[in-house]
Amino acid sequence: MNDKKHLGHQAKKRFGQNFLHNDAVISDIVDAINPEPGENLIEIGPGLGALTEPVIERAGKISVVELDRDLAHRLRHHPFIAKDLTIYETDALKFDFAQLASDDKPLRIFGNLPYNISTPLIFHLLTFKDKVKDMHFMLQKEVVERMAAGPDCKTYGRLSIMTQYQCQVLPVMEIGPEAFKPAPKVDSAIVRLIPHAHIANPVKDINALNTVCLTAFNQRRKTIRNSFKKLITEEQLTNLGLDANLRPENLTLDDYIKLANFIVDNPAEIAPIKEKRRMSKNRQKQSDDNGDDSIESILNNELTEDPAPSAE
């Protein structure tokens with residue numbers, strides 16, 4: 001028996017396809033999303049329509065973004081829901097979600113995300129956070145744990161900080177491999193992301209925050225005295241009220257914001273001139289925009305996830 005074939009469709013490894021087939025799990029996920037008529041609902045990776053159909057039953061018309069041309073074709077010719085779908089056959093990593101938003105209808109985005117691109121896709125979606133009401137995603141359980149982790153925890157890292165700076169992160173439910181065809185080799189979880197309407201402690205340049213996090217967690221076993229030595233001296237750490245003997249996982253989100261703001265104001269002499277100019281330019285733009293945060297250029301940086309705890 002071919003366990004990679006479901007409802008006549010052969011799952012494609014390159015797209016990271018694992019299709020939900022457990023009705024009870026599907027019902028629980030739709031309840032968590034709680035779609036209502038008239039909302040601006042966007043599904044990423046609708047696949048064979050396991051979530052699409054019940055969401056349409058509750059909310060009516062929705063938009064979907066699907067890269068697989070075979071699945072997009074099936075949806076266009078679906079006997080029951082095709083009339084209620086607006087299909088964008090494209091790569092979600094490159095899609096401009098802002099074009100679907102309006103002032104009176106912010107986006108509600110949901111989907112069973114391919115695990116092999118989940119981190120860069122979330123970073124991409126966060127560039128549209130000002131137009132989003134909420135997001136519900138199925139992800140690898142470990143990724144959800146890292147998104148929600150706090151300081152002094154082995155799962156706490158760059159993904160935790162960058163996501164929590166932008167959003168409230170709420171784990172919703174865990175789902176076992178048996179709910180999918182083909183069954184993945186990992187457990188899954190649903191997470192709810194609600195973008196902050198207001199950031200109480202804004203960073204001057206979110207790219208600097210990303211740089212600080214990358215620097216810290218690429219060397220997370222080291223003390224911050226050593227991991228940050230190319231960005232900030234031990235004396236400067238002390239002046240900022242930070243213990244140089246701490247490790248990256250011991251710092252809070254506010255600590256990382258403090259470090260990011262410091263390197264914006266005090267670019268390290270070893271930093272390339274081009275990088276210093278970019279930070280200065282971004283800082284000026286942030287000021288001109290009244291502190292409006294954007295992480296659009298974050299996609300030009302490394303987007304690989306922090307090493308798993310077992311690999312550290």
Side-chain angles (χ1 to χ4, degrees), residues 1-13 15-66 68 70-72 74-75 78-85 87 92 107-118 121-122 125 133-148 167-194:
M1 181 178 178
N2 184 357
D3 64 355
K4 293 186 178 180
K5 198 165 188 175
H6 183 52
L7 298 180
H9 179 79
Q10 183 78 17
K12 299 175 184 176
K13 186 176 181 179
F15 292 146
Q17 292 177 344
N18 301 90
F19 301 109
L20 274 169
H21 69 92
N22 184 302
D23 289 340
V25 170
I26 291 169
S27 179
D28 287 344
I29 295 172
V30 176
D31 284 344
I33 297 170
N34 191 27
E36 296 185 356
E39 292 183 322
N40 196 350
L41 290 148
I42 318 295
E43 182 178 11
I44 297 175
L48 295 166
L51 293 176
T52 317
E53 293 187 40
V55 168
I56 285 177
E57 286 178 6
R58 294 198 192 187
K61 297 182 180 298
I62 71 169
S63 298
V64 298
V65 179
E66 177 58 67
D68 187 328
D70 294 332
L71 292 175
R74 286 178 64 131
L75 290 169
H78 195 289
F80 305 116
I81 63 173
K83 67 183 187 307
D84 297 314
L85 289 174
I87 301 170
L107 304 177
R108 301 197 67 209
I109 306 174
F110 67 97
N112 175 17
L113 302 188
Y115 294 169
N116 56 341
I117 63 164
S118 60
L121 183 51
I122 286 170
L125 290 166
K133 179 180 179 180
D134 61 21
M135 297 182 277
H136 292 81
F137 296 128
M138 174 95 70
L139 299 166
Q140 186 175 334
K141 178 183 172 182
E142 181 186 325
V143 174
V144 173
E145 289 174 344
R146 290 202 308 236
M147 292 173 74
C167 298
Q168 184 179 6
V169 180
L170 302 168
V172 175
M173 60 185 289
E174 297 179 7
I175 301 167
E178 65 280 356
F180 301 86
K181 286 186 179 179
K185 297 179 181 179
V186 296
D187 288 332
S188 304
I190 298 291
V191 65
R192 178 182 295 123
L193 303 177
I194 304 175

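Quantities reported herein were computed from a predicted structural model and do not represent experimental measurements. Residues take their numbers from the sequence shown, with the count starting at 1.
Closest approach of I26 to A50, counting heavy atoms only: CG2-O, 3.4 Å. Closest heavy-atom contact between V186 and P177: O-CG, 3.6 Å.
A heavy-atom distance below 4.5 Å is not found between the side chains of L85 and K61. Inter-residue side-chain proximity for L139 and N112 is flagged as unmet; no heavy-atom pair is nearer than 4.5 Å. In this structure the side chain of I194 never reaches within 4.5 angstrom of the side chain of M135, judged on heavy atoms. Residues L107 and K133 fail the side-chain proximity criterion, which asks for heavy atoms closer than 4.5 Å. I175 is not listed as a side-chain neighbour of D187, based on a closest heavy-atom distance of 4.5 Å or more. Counting heavy atoms from C-beta on, the side chains of P46 and E66 come closer than 4.5 Å. Taking the side chain as every heavy atom from C-beta outward, I44 and F110 never approach each other to under 4.5 Å. Taking 4.5 Å as the limit, some side-chain heavy atom of L193 sits within range of a side-chain heavy atom of M147.
The CG atom of L75 sits 11.0 Å away from the CG atom of D70 when rounded to the nearest 0.5 Å. Atoms NE2 and CG, on H136 and L51 in that order, are 11.5 Å from each other to the nearest 0.5 Å. Atom CG of L41 and atom CD1 of I109 lie 10.0 Å apart (nearest 0.5 Å). Note that CD of Q140 is 12.0 Å distant from CG of L113, once rounded to the nearest 0.5 Å. For the atom pair H78 NE2 and L71 CG, the distance stands at 11.5 Å (nearest 0.5 Å).
Listed by chain and residue number, nothing satisfies the salt bridge (Lys or Arg N to Asp or Glu O under 4.0 Å) test with R192 (two or more places apart in sequence, or in another chain). Scanning for side chain to side chain contact (heavy atoms under 4.5 Å, CB included) contacts around A148 gives V169, P171, with sequence neighbours left out.
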Discussion item. Under the criterion side chain to side chain contact (heavy atoms under 4.5 Å, CB included), I'd like the reasoning laid out for Y115 against S188: C-alpha separation, chi angles, the key distance, then a yes or no.
Written reply: CA-CA 10 Å; Y115 294 169; S188 304; 2.4 Å; yes
Item to complete: Tell me, with the steps shown, if I62 and I42 meet side chain to side chain contact (heavy atoms under 4.5 Å, CB included).
Response: CA-CA 6 Å; I62 71 169; I42 318 295; over 6 Å; no
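Residue pairs meeting the side-chain hydrogen bond (donor to acceptor under 3.5 Å, both in side chains) criterion with at least one partner in residues 24-35, sequence neighbours excluded, are D31-R58.
Remark: side-chain polar atoms of E39 are paired, donor with acceptor, to backbone N or O of E36 under 3.5 angstrom.
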